[in-house]
*Asks:* 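Just passing along the structure, written as structure tokens.
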Amino acid sequence: MDEKNDGKFITFLKGLLPYIIIVVVVILVRTFLVTPGIVNGASMEDTLFNNDLVLINKIGLKFGIDRFDIVVVDFYDDAIIKRVIGLPGEKVEYKDNILYINDKEVDTPIEFEATNDFILEAGSDEYIVLGDNRNISKDSRVIGPVNIKDIKGKVGFRIFPFSEFGGVS
């Protein structure tokens, strides 16, 4: 190559560099921080609806998972969105539509569908998750407690539909 072609090639690379940086940043953000997700089904109604577009916060897991957080769980290569009810090591019981954690009544800040009676215990690395639409949800009552390693992120923000744009509780 001669100097003229070398100069064109360097100019080409300099022009390409911002795009390479953007692609790398997007990949890093999606891999480690946040990624979009689409709600599939009605198991989280009246909080989230079928085809809602949400942001899944992956970095939020580093700061812990709290009761009533909405999480994305990897279940046999399928992502399901549920609400955390029981934390590691807890016994969760619903009796007469009242939530008990370790035999103590717990007020729920959200009004849920009626919940049939059940008792579940979570292991030291497990969470008990339920859908808000309890009548149709395939959740810990069916699949059992979920391991922390199967929780992929927290859902805290809805992007679409625009009429519902904002935080999700």
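Counting from 1, the numbers follow the sequence of the chain as shown. Because the structure is predicted, anything quoted here is derived from the model rather than measured.
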*Asks:* Tracing side-chain links under 4.5 Å among I, L, V, M, F, W and Y, which residues wind up in one group with Phe49?
*Replies:* none
*Asks:* With side chain to side chain contact (heavy atoms under 4.5 Å, CB included) as the criterion, how do Glu93 and Asp103 come out once you've worked through the C-alpha distance, each side chain's angles and the decisive distance to 0.1 Å?
*Replies:* CA-CA 8 Å; Glu93 179 178 8; Asp103 301 318; 4.2 Å; yes
*Asks:* Between Arg158 and Glu164, is there a donor-acceptor pair closer than 3.5 Å when you use the side chain of the first and the backbone of the second?
*Replies:*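 Confirmed, Arg158 side chain pairs with Glu164 backbone.
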*Asks:* What's in the same ILVMFWY side-chain cluster as Tyr127, cut-off under 4.5 Å, chained through other members?
*Replies:*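 ILVMFWY cluster around Tyr127 also holds Leu61, Ile65, Val71, Val73, Phe75, Tyr76, Ile80, Val84, Leu87, Val129, Val142, Ile143, Val146, Ile148, Ile151.
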*Asks:* Please round to the nearest 0.5 Å and tell me the distance separating atom CG of Leu53 and atom CD1 of Ile159.
*Replies:* 4.5 Å
*Asks:* Is a side-chain N or O of Asp96 found less than 3.5 angstrom from the main chain of Ile98, in a donor-acceptor match?
*Replies:*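 Side chain of Asp96 to backbone of Ile98, a donor-acceptor pair under 3.5 Å: no, none is there.
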*Asks:* If I compare all heavy atoms of Leu130 with all of Tyr94, which pair ends up nearest, and what's the gap?
*Replies:*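 Where Leu130 meets Tyr94 most closely, the heavy atoms are CD1-CE1, 3.9 Å.
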*Asks:* Okay, side chain of Ser140, backbone of Ile128: is any donor-acceptor separation there less than 3.5 Å?
*Replies:* no
*Asks:* Quick one, Ile101 with Val92, criterion side chain to side chain contact (heavy atoms under 4.5 Å, CB included). Give me CA distance, side-chain angles, the key distance, then yes/no.
*Replies:* CA-CA 5 Å; Ile101 303 291; Val92 173; 3.7 Å; yes
*Asks:* Tell me which pairs pass ring pair (Phe, Tyr, Trp, His ring centres under 6.0 Å) where either residue lies in residues 131-151, with sequence neighbours left out.
*Replies:*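 Residue pairs with at least one partner in residues 131-151: there are none.
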*Asks:* Return the minimal non-hydrogen interatomic distance between Ser43 and Ile81, and the atom names on each side.
*Replies:* OG-O, 4.1 Å
*Asks:* Taking only residues two or more places apart in sequence or in another chain, which ones pass side chain to side chain donor-acceptor pair (under 3.5 Å) with Asn135?
*Replies:*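 Result, side chain to side chain donor-acceptor pair (under 3.5 Å) vs Asn135: Glu113.
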*Asks:* Roughly how far, to the nearest 0.5 Å, is CG of Asn97 from OG1 of Thr115?
*Replies:* 5.0 Å
*Asks:* Rounded to the nearest 0.5 Å, how far does CD of Glu105 lie from OH of Tyr100?
*Replies:*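 Nearest 0.5 Å value for the OH-CD distance: 5.0 Å.
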*Asks:* Taking only residues two or more places apart in sequence, or in another chain, which ones meet Ala42 in a side chain to side chain contact (heavy atoms under 4.5 Å, CB included)?
*Replies:*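 Ala42 satisfies side chain to side chain contact (heavy atoms under 4.5 Å, CB included) with Glu45, Asn133, Ile136 only.
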*Asks:* Before you tell me yes or no, could you show the steps for Leu48 and Ile70 under side chain to side chain contact (heavy atoms under 4.5 Å, CB included), namely the whole-Å CA-CA distance, both residues' side-chain angles and the distance that decides it to 0.1 Å?
*Replies:* CA-CA 10 Å; Leu48 296 170; Ile70 299 173; 4.3 Å; yes
*Asks:* Determine whether Asp52 and Ile38 make a side-chain contact, defined as any pair of heavy atoms from C-beta on separated by less than 4.5 Å.
*Replies:* no
*Asks:* How far does CD1 of Ile85 sit from CG of Asp69, to the nearest 0.5 angstrom?
*Replies:*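 One gets 10.5 Å once the value is rounded to the nearest 0.5 Å.
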*Asks:* By side chain to side chain contact (heavy atoms under 4.5 Å, CB included), which residues pair with Asn102, not counting sequence neighbours?
*Replies:* Glu90, Lys91
*Asks:* Taking ring pair (Phe, Tyr, Trp, His ring centres under 6.0 Å) as the cut-off, I'd like each qualifying pair that reaches into residues 141-169, sequence neighbours left out, listed once.
*Replies:* Phe157-Phe165, Phe160-Phe162
*Asks:* Rounded to the nearest 0.5 Å, what separation is found between the CG atom of Asp139 and the CE atom of Met44?
*Replies:* 10.0 Å
*Asks:* How far apart are the C-alpha atoms of Leu55 and Val155, what are their side-chain angles, what is the distance that settles it, and do they pass the side chain to side chain contact (heavy atoms under 4.5 Å, CB included) test?
*Replies:* CA-CA 6 Å; Leu55 287 181; Val155 175; over 6 Å; no
*Asks:* Any pair with a residue in residues 115-136 that passes salt bridge (charged side-chain N to carboxylate O under 4.0 Å, His left out), sequence neighbours left out, goes on the list, sorted by first then second residue, please.
*Replies:*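 Qualifying pairs: Arg83-Asp132.
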*Asks:* Going by the rule salt bridge (Lys or Arg N to Asp or Glu O under 4.0 Å), which residues pair with Lys82 if we only count those two or more places apart in sequence or in a different chain?
*Replies:*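 Here no residue qualifies.
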*Asks:* Are any of the side-chain heavy atoms of Asn51 and Val39 separated by less than 4.5 Å?
*Replies:*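 No, too far: nothing below the 4.5 Å cut-off.
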